[in-house]
Amino acid sequence: MISIEETSSKLVLKTGSTTLTFDKASGKATLQKKMLLWNKKPVEFALSEIDDIAVKSDVDGLSGAAIHHSVMHRRSGEITVLTTEEANDAAETVKKLRGFVGL
């Protein structure tokens, strides 16, 4: 289940064990992931480091079902999968995130 909380200066996306916070006031993004019961060390980077947020579609090899992910790409080359959703939901999530970051 995906939850997006948005104010004028902050957007928080929560899905499963991942929380991504965009903070315009500080100009930073924080990515927090949980592994089993433990929180991994948060990754913090500048919002300006994000160069794309998009929908990536794949096909499951066993069932042949389409799988849609919203992914964030940073200038360092790192790609982070944010959500796995239905095609329309993934497109809406990406639209909201891109709009907030200004892409």
Side-chain angles (χ1 to χ4, degrees):
M1 186 169 139
I2 295 163
S3 166
I4 298 177
E5 301 166 16
E6 184 177 6
T7 65
S8 61
S9 65
K10 193 178 267 192
L11 182 138
V12 179
L13 174 120
K14 294 179 183 177
T15 178
S17 62
T18 302
T19 301
L20 176 65
T21 304
F22 294 142
D23 188 349
K24 285 184 181 177
S26 68
K28 295 194 178 208
T30 305
L31 180 63
Q32 175 69 56
K33 290 189 174 195
K34 195 177 214 180
M35 188 67 117
L36 296 175
L37 299 173
W38 299 275
N39 288 329
K40 292 176 78 178
K41 184 178 178 182
V43 178
E44 192 171 272
F45 51 92
L47 289 175
S48 61
E49 193 178 318
I50 300 169
D51 64 356
D52 196 17
I53 299 172
V55 176
K56 181 177 185 282
S57 299
D58 292 317
V59 176
D60 181 61
L62 293 175
S63 69
I67 302 168
H68 308 281
H69 305 284
S70 58
V71 296
M72 177 178 61
H73 187 272
R74 297 187 352 220
R75 295 184 198 286
S76 64
E78 186 173 339
I79 297 173
T80 304
V81 174
L82 302 174
T83 66
T84 302
E85 307 175 82
E86 294 293 325
N88 293 340
D89 295 335
E92 189 61 34
T93 298
V94 166
K95 182 179 174 184
K96 190 173 276 195
L97 297 175
R98 287 178 63 89
F100 188 83
V101 174
L103 296 175

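Note that the structure is a prediction, hence the values are computed from the model and not measured.
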Indicate if M72 and L103 have the same hydrophobic cluster label, given that clusters are the connected sets of ILVMFWY residues with side-chain heavy-atom separations under 4.5 angstrom.
->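 Result: yes, single cluster for both.
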Give a yes or no on whether V101 and V43 share a hydrophobic cluster (residues Ile, Leu, Val, Met, Phe, Trp, Tyr; joining criterion: side-chain heavy atoms under 4.5 Å apart).
->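 Yes, one cluster joins them.
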Are side-chain heavy atoms of [X] and [Y] found at a separation under 4.5 Å?
X: F22; Y: K10; answer: no
X: Q32; Y: N39; answer: yes
X: L13; Y: T83; answer: yes
X: V12; Y: I4; answer: no

T93 and E85: CA distance, side-chain angles, deciding distance, side chain to side chain donor-acceptor pair (under 3.5 Å) verdict = CA-CA 9 Å; T93 298; E85 307 175 82; 3.0 Å; yes
Any pair with a residue in residues 23-41 that passes salt bridge (charged side-chain N to carboxylate O under 4.0 Å, His left out), sequence neighbours left out, goes on the list, sorted by first then second residue, please.
-> K28-E44
Restricting to pairs with a member in residues 87-103, which pass salt bridge (charged side-chain N to carboxylate O under 4.0 Å, His left out), not counting sequence neighbours?
-> D52-R98
Rounded distance (nearest 0.5 Å) linking atom [atom1] of [X] with atom [atom2] of [Y]:
X: I67; Y: D58; atom1: CD1; atom2: CG; answer: 6.5 Å
X: F100; Y: T7; atom1: CZ; atom2: OG1; answer: 6.0 Å
X: L20; Y: T30; atom1: CG; atom2: OG1; answer: 8.0 Å
X: H73; Y: K56; atom1: NE2; atom2: NZ; answer: 12.0 Å

Side chain to side chain contact (heavy atoms under 4.5 Å, CB included) between T21 and L11, worked out = CA-CA 6 Å; T21 304; L11 182 138; over 6 Å; no
Any chance CD of E6 has more than 12 other-residue heavy atoms, nucleotides or ligands included, within less than 6.0 Å?
->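 More than 12 heavy atoms, drawn from other residues, nucleotides or ligands, come within 6.0 Å of this atom.
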More than 12 foreign heavy atoms under 6.0 Å from CG of D60: is that the case here?
-> yes
What's the shortest heavy-atom distance between [X] and [Y], and which atoms?
X: S70; Y: V94; result: CB-CG2, 3.5 Å
X: R74; Y: E49; result: NE-OE2, 3.1 Å
X: A29; Y: L47; result: CB-CD2, 3.8 Å

Residue pair L82, T15: steps toward the side chain to side chain contact (heavy atoms under 4.5 Å, CB included) verdict | CA-CA 8 Å; L82 302 174; T15 178; 5.6 Å; no
Go through the steps to decide whether S76 and E78 satisfy the test side chain to side chain donor-acceptor pair (under 3.5 Å), and finish with yes or no.
-> CA-CA 6 Å; S76 64; E78 186 173 339; 4.6 Å; no
Residue list, side chain to side chain contact (heavy atoms under 4.5 Å, CB included) with V81, at least two apart or on another chain = H69, V71
So, the side chain of R75 versus the backbone of S48: is there a donor-acceptor pair under 3.5 Å, distance only?
->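 Yes; at least one donor-acceptor contact below 3.5 Å.
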